[in-house]
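Heads up: the structure comes next, in structure tokens.
The sequence lines fix the lettering, A, B, ..., with proteins before strands; numbering per chain opens at 1.
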Amino acid sequence: MTTASASVSWRRYFWWNTDHKVIGVQYIVTSFLFFILGGALAMLVRSELATPATDLLDGSTFNQVMTNHGTLMIFLWILPVLAGFGNYLIPLMIGARDMAFPRLNALSYWIIPPAGLLMIASFFAGGAEAGWTAYVPLSIGGPPGQTLWALSVMLLGISGIFGAINFLTTVIMMRAPGLTFWRLPLFVWGMIATSLLILTATPVLTSGLIMVALDRVVGTHFFTVTSGGDPVLWQNLFWFYSHPAVYIMILPAMGIISEIFPVFARKPIFGYRMIAMSSMAIAVLGLTVWAHHMFTSGMDPRLRVPYMVSSMVIAVPTGIKIFSWLATIWYGKLRFTTSMLFALGFISMFLIGGLTGIFLAAIPVDLHVHDTYFVVAHLHFVLFGGSVSAVYAGLYYWFPKITGRMLDEKIGRTHFALNFIGTNLAYLPMFIAGLMGMPRRVAAYDPSFTSYNQWATLGALILAFSTMPFLYNTIVSWARGPKAAANPWQAQTLEWRTSSPPPLENFSEIPIVTGGPYDYGEPSAPAAEPAAAPAAG
Amino acid sequence: MRERTLFFSAIVGIVLIGAGFAVATQANLMPPEASTRAVAVDQLFRILLGISTVIFLLVEGALVFAVIRFRRQAGDDRPGPAVHGNTSLEILWTLIPAAIVVVIGLYSFQVLAAIEVPGLGPRVIEVVGRQFSWQFRYPETDLATTELHLPVGQPVVFQISSEDVIHSFWVPAFRAKLDATPGQISELVMTPIEIGRFPIRCAELCGAGHAVMTSEVVVESPEDFAAWLAEQQAMANDPAQIFLTMGCGACHTLASAGTTATIGPPLDEMAAVAATRLPGLTAQDYVVQSILAPDDFIAPGFPPGLMPKTFSQRLTPDQIERLAAFLLDQP
């Protein structure tokens with residue numbers, strides 16, 4: 001009987017299924033495959049840049065590799081992997097049996113594989129080579145793959161919109177009895193803020209992509225200067241989505257971090273309401289900053305200063321989160337699980353991304369560092385040191401819940417160490433290269449930048465290698481790791497009050513919520529499960 | 001206890017501010033300061049660097065301290081103190097960053113206003129970006145060059161435009177960058193203050209040759225500049241000079257001009273094949289057609305659409321004939 005159910009459980013991941021937990025796993029695994037592909041492209045870029053001259057890839061191929069690296073990592077890795085966490089966790093965390101619209105949920109996942117294949121196909125149809133930003137008129141005149149690229153990004157945007165509608169409806173309509181908004185886990189707050197941003201911003205990108213596709217295929221002139229079009233219009237449409245996209249990629253990640261610290265510090269989260277509201281503040285402010293990507297575009301000088309101010313103000317809610325996390329671990333009883341290590345790594349590296357964001361917001365400095373390796377370093381500290389660290393922290397934390405098996409902590413620590421060293425080694429030298437005068441997206445560079453680039457390439461090699469222990473750990477542990485208890489970390493959020501993995505429809509009986517999600521040390525807190533000795537901790 | 005905390009905080013504060021000051025004043029992370037803008041921008045940069053260093057050390061220091069000090073002791077399974085927040089602390093770490101942001105914002109605004117004031121009687125220089133070279137025009141002389149020359153100490157206003165896609169004109173040593181956008185003329189003002197040669201780069205992805213869309217700016221004394229200008233005007237009709245000025249060398253190899261780019265076909269081999277390329281066209285006519293309408297015949301192994309189609313507007317028919325003859329007459 002066990003073998004029969006095991007084989008069924010394997011097959012359901014490869015087919016249409018409306019269980020949010022199956023869909024969550026489908027999202028996470030699919031996006032991880034694209035992460036590996038995007039990482040391979042990054043290694044091609046770093047190999048080319050190991051020497052100043054163009055020796056491995058010619059200029060055009062380099063641009064294709066760089067364009068697809070950026071697009072894959074954003075649209076097919078970070079965005080969908082976080083949507084995967086949302087899918088798996090939101091119904092469990094709010095005590096629901098599934099998402100509000102299970103079939104729409106399955107559809108939002110099943111848009112992704114064909115969109116991803118379309119992106120890969122574009123590579124072979126004379127790939128997109130205008131960068132992930134696809135600035136016109138370069139992207140209008142580019143090879144045919146650019147149209148497939150636009151179509152693929154459009155589809156992924158639609159998948160994101162479906163997901164956001166589902167997340168919001170589920171959280172608003174399907175919370176367990178007693179689970180008020182002020183008792184929601186902070187990851188759920190992060191997903192609320194993200195979903196609002198997705199719904200507001202994505203349609204604007206989609207409309208822009210339709211205009212690009214029309215200019216290319218039908219011969220319209222939305223962006224052609226000689227026919228009265230405007231190339232800067234694209235930049236407005238693109239960044240109106242793509243700057244909020246950064247917050248779409250970081251708010252759920254911050255939510256993951258807020259889940260992990262209380263558990264492994266054995267303390268309540270510090271400043272729950274401020275953290276929840278700072279997510280909402282970032283979402284609202286995030287819609288008002290897009291033109292800080294356009295300070296060098298020759299925009300109306302009077303318009304620049306408001307964008308500078310709004311961009312800088314975002315540092316305040318971001319700072320609130322970082323200080324609140326520090327206060328959460330202060331006086332705690334810290335347990336250094338791999339998940340906790342990645343969460344601590346998140347703070348230390350995201351901080352660098354955040355601080356350098358202030359430099360970029362300050363217009364006079366931005367006019368020097370815009371479109372240089374300084375920006376490349378900044379965005380990788382935010383998205384790799386930040387979002388990807390949080391994704392790893394979340395994977396180590398919820399793996400026992402998802403699979404019913406424990407991961408090996410020793411291999412996990414090796415993975416963390418390699419990842420932490422590789423990230424800093426790869427991206428720190430890029431700040432200096434950019435300041436000293438190296439533009440981004442170049443296949444060749446002045447020999448004076450050689451040493452920075454060689455350090456970065458070494459760091460990237462370490463990063464590539466660091467995924468090996470992770471893959472080994474997940475595959476072997478999923479197959480035959482030690483069985484996980486229902487609540488191996490003695491956490492208090494609802495997903496740990498059901499078996500690991502949870503049964504179909506999640507709870508034998510819908511829980512009734514009487515307190516906050518992080519009441520560690522409170523006499524009123526639900527007693528910890530008579531936990532089987534945690535295999536790690 | 002309270003006194004000890006206060007004393008300890010004061011020590012930490014002094015160390016942090018000292019470290020911030022040291023990094024801000026000592027770190028050398030920028031190219032030479034070769035323009036008036038560079039001086040003002042670098043001062044802002046150093047202040048941001050100092051503040052960031054203090055915040056960085058504060059947060060990372062607290063993180064490392066907590067990791068060491070608050071690690072769970074073996075066998076201790078009790079929870080930590082059930083503290084949910086502290087309103088005054090939370091107000092404090094909202095207001096202090098907000099105040100810092102206000103100060104940085106005001107100062108940035110002041111620097112921005114200062115660097116964008118044009119100097120007195122600025123010299124206009126037109127900067128034209130095209131795939132994959134820069135052209136500089138000195139309006140009062142009809143002269144166009146691919147290397148930028150400026151007299152030191154004299155204010156300049158660059159009028160930046162593009163003939164094809166978006167480029168971005170960037171001189172790192174001037175801390176100045178502005179996009180070259182088709183259909184738009186953008187103005188960038190500054191005054192060079194240091195004699196020397198400084199790199200010019202394209203900062204906006206513009207196609208296959210983006211990385212090699214580089215040039216140099218030569219800042220020289222007003223006398224040297226005047227002499228250079230006179231010499232350039234004398235050479236304006238020399239075909240070798242036309243080849244360089246039009247930026248042909250950014251994509252084509254030509255031994256006599258010392259160019260080695262491989263984005264377009266090498267031109268040293270053209271004399272051998274030009275007469276046989278298209279039936280009915282002489283070698284000279286074929287080369288003229290290749291300059292004026294490059295996509296009419298694409299040399300095998302190269303992509304169409306890369307070469308600009310604007311030379312009929314930028315060169316006189318006489319200059320084009322002379323350039324074609326020059327290309328066919330290579331040793």
Side-chain angles (χ1 to χ4, degrees), chain A residues 59-60 63 131 135 137-138 141 225 231-232 265-268 270-272 274 296-298 305 308-309 312-313 315-316 319-320 322-323 326 329-335 344 347-348 351 355 358-359 362-365 367-368 370-372 432 435-437 439 441-444 446 520-522, chain B residues 29-31 40-41 44-45 48 52 55-56 59-60 62-63 66-67 70-72 76 79-85 90 93-94 97-98 101 104-105 108-109 111-112 115 165-166 168 172 175-179 181-184 186 199 201-212 263 305:
Chain A
S60 183
N63 288 347
Y135 271 21
L138 186 62
V225 173
V232 179
R266 311 309 300 161
K267 268 186 69 202
F270 192 98
Y272 170 90
M274 287 288 266
T296 69
S297 298
V305 174
M308 170 170 82
V309 173
M312 285 183 175
V313 168
V316 176
I320 290 173
I322 289 181
F323 294 128
L326 283 176
I329 62 173
W330 212 258
Y331 294 131
K333 313 259 182 176
L334 307 186
R335 299 176 184 205
L344 293 164
I347 294 193
S348 71
L351 176 69
L355 287 173
I358 297 282
F359 289 74
I363 301 170
V365 177
L367 295 180
H368 176 57
H370 178 71
D371 269 333
T372 70
I432 308 178
L435 287 169
M436 294 302 284
R441 295 169 164 170
V442 288
D446 188 271
Y520 298 93
E522 296 284 5
Chain B
L29 301 172
M30 288 281 203
V41 169
L44 172 63
F45 175 77
L48 292 181
S52 301
I55 299 172
F56 176 79
V59 173
E60 304 282 1
L63 198 64
V67 162
F70 302 121
R71 56 195 312 139
R72 183 181 72 107
D76 180 1
V83 178
H84 287 270
E90 288 170 47
W93 68 45
T94 307
V101 159
I104 291 175
S108 301
F109 177 66
V111 171
L112 180 68
I115 60 178
V165 300
I166 299 176
S168 193
R175 311 289 185 279
K177 179 187 294 129
L178 202 58
D179 289 1
T181 307
Q184 178 177 325
S186 310
R201 301 203 160 90
C202 175
E204 183 62 65
L205 177 66
C206 59
H210 169 54
V212 295
I263 292 165

Proximal component of A444(A), with respect to chain B [non-hydrogen, under 4.5 Å]: both
Toward chain B, the part of I322(A) with a non-hydrogen atom under 4.5 Å: side chain
Output for pair (L63(B) CG, L344(A) CG), nearest 0.5 Å, gives 5.5 Å
Give a yes or no answer on whether the side chain of Q184(B) reaches the backbone of S297(A) with a donor-acceptor pair at less than 3.5 Å. yes
Assess the residue pair H210(B) and V442(A) against the criterion (side-chain contact (heavy atoms from CB on, under 4.5 Å)); give the C-alpha distance rounded to whole Å, side-chain angles, the decisive distance to 0.1 Å, and a yes or no. CA-CA 6 Å; H210(B) 169 54; V442(A) 288; 3.8 Å; yes
Between chain A and each of P97(B), A62(B), A98(B), count heavy-atom pairs under 4.5 Å; write down the option with the most. A62(B)
Side chain, backbone, both or neither: which part of V305(A) has a heavy atom under 4.5 Å from chain B? side chain
Decide if atom OH of Y331(A) counts as having more than 12 heavy atoms of other residues, nucleotides or ligands within a radius under 6.0 Å. no
Please check: side-chain N/O of N63(A) versus main-chain N/O of G207(B), any donor-acceptor pairing under 3.5 Å? yes
L112(B) CG to M308(A) CE distance, which is reported to the nearest 0.5 Å: 6.5 Å
Look up atom CG in L435(A) and atom CG in L29(B), then write down how far apart they are to the nearest 0.5 Å. 6.0 Å
Going by heavy atoms in the side chains, are E90(B) and F270(A) under 4.5 Å from each other? yes
Between S186(B) and chain A, with a heavy-atom cut-off of 4.5 Å, which part of the residue counts as in contact: side chain, backbone, both or neither? side chain
L355(A) and F56(B) have their tightest heavy-atom pair at CD1-CB, 3.8 Å
Highest number of heavy-atom pairs under 4.5 Å with chain B among P364(A), G298(A), P439(A) belongs to P364(A)
Quick check on L326(A) against chain B: is it the side chain, the backbone, both or neither that has a heavy atom closer than 4.5 Å? side chain
Grab the two heavy atoms, one from S60(A) and one from A208(B), that are nearest each other, plus how far apart they are. N-CB, 3.8 Å
Looking at side-chain heavy atoms only, is the closest gap between P268(A) and V83(B) below 4.5 Å? no
Among I263(B), L178(B), V212(B), which has the most heavy-atom pairs under 4.5 Å with chain A? L178(B)
Give me the atom names and distance for the closest heavy-atom approach of V313(A) to V101(B). N-CG1, 4.2 Å
For P231(A) and T181(B), which heavy atoms make the closest approach, and how far apart are they? CG-CG2, 3.9 Å
Counting only heavy atoms closer than 4.5 Å, note whether I115(B) contacts chain A via side chain, backbone, both or neither. side chain
Begin from the C-alpha positions of T94(B) and M274(A) and carry the test side-chain contact (heavy atoms from CB on, under 4.5 Å) through to its verdict. CA-CA 10 Å; T94(B) 307; M274(A) 287 288 266; 3.4 Å; yes
Decide side-chain contact (heavy atoms from CB on, under 4.5 Å) for M30(B) and H368(A); before the verdict, give the C-alpha distance in whole Å, the side-chain angles of both, and the deciding distance to 0.1 Å. CA-CA 10 Å; M30(B) 288 281 203; H368(A) 176 57; 3.5 Å; yes
Honestly, the part of M436(A) sitting under 4.5 Å from a heavy atom of chain B is both
What pair of heavy atoms forms the shortest contact from V67(B) to L334(A), and how long is it? CA-CD1, 4.0 Å
Closest heavy-atom pair and its distance - F323(A), V59(B): CE2-CG2, 4.1 Å
At a heavy-atom distance under 4.5 Å, which candidate from C206(B), G209(B), C202(B), S52(B) has the highest pair count against chain A? S52(B)
In chain order, what residues pass the side chain to side chain donor-acceptor pair (under 3.5 Å) check against R201(B), with sequence neighbours excluded? none
Among P182(B), P199(B), G105(B), G183(B), which residue forms the greatest number of heavy-atom pairs with chain A at distances under 4.5 Å? P182(B)
Answer with side chain, backbone, both or neither: which region of Y135(A) has an atom nearer than 4.5 Å to a non-hydrogen atom of chain B? side chain
Ranking G271(A), A265(A), G319(A) by heavy-atom pairs under 4.5 Å to chain B gives rank one to G271(A)
Taking the side chain as every heavy atom from C-beta outward, state whether T372(A) and K177(B) have any pair of such atoms under 4.5 Å apart. yes
Candidate pair S108(B) and M312(A), rule side-chain contact (heavy atoms from CB on, under 4.5 Å), full reasoning: CA-CA 11 Å; S108(B) 301; M312(A) 285 183 175; 3.8 Å; yes
Under a 4.0 Å threshold between the charged nitrogen and the carboxylate oxygen, would D76(B) count as salt-bridged to K333(A)? yes
Separation of I55(B) CD1 from L351(A) CG (nearest 0.5 Å): 8.0 Å
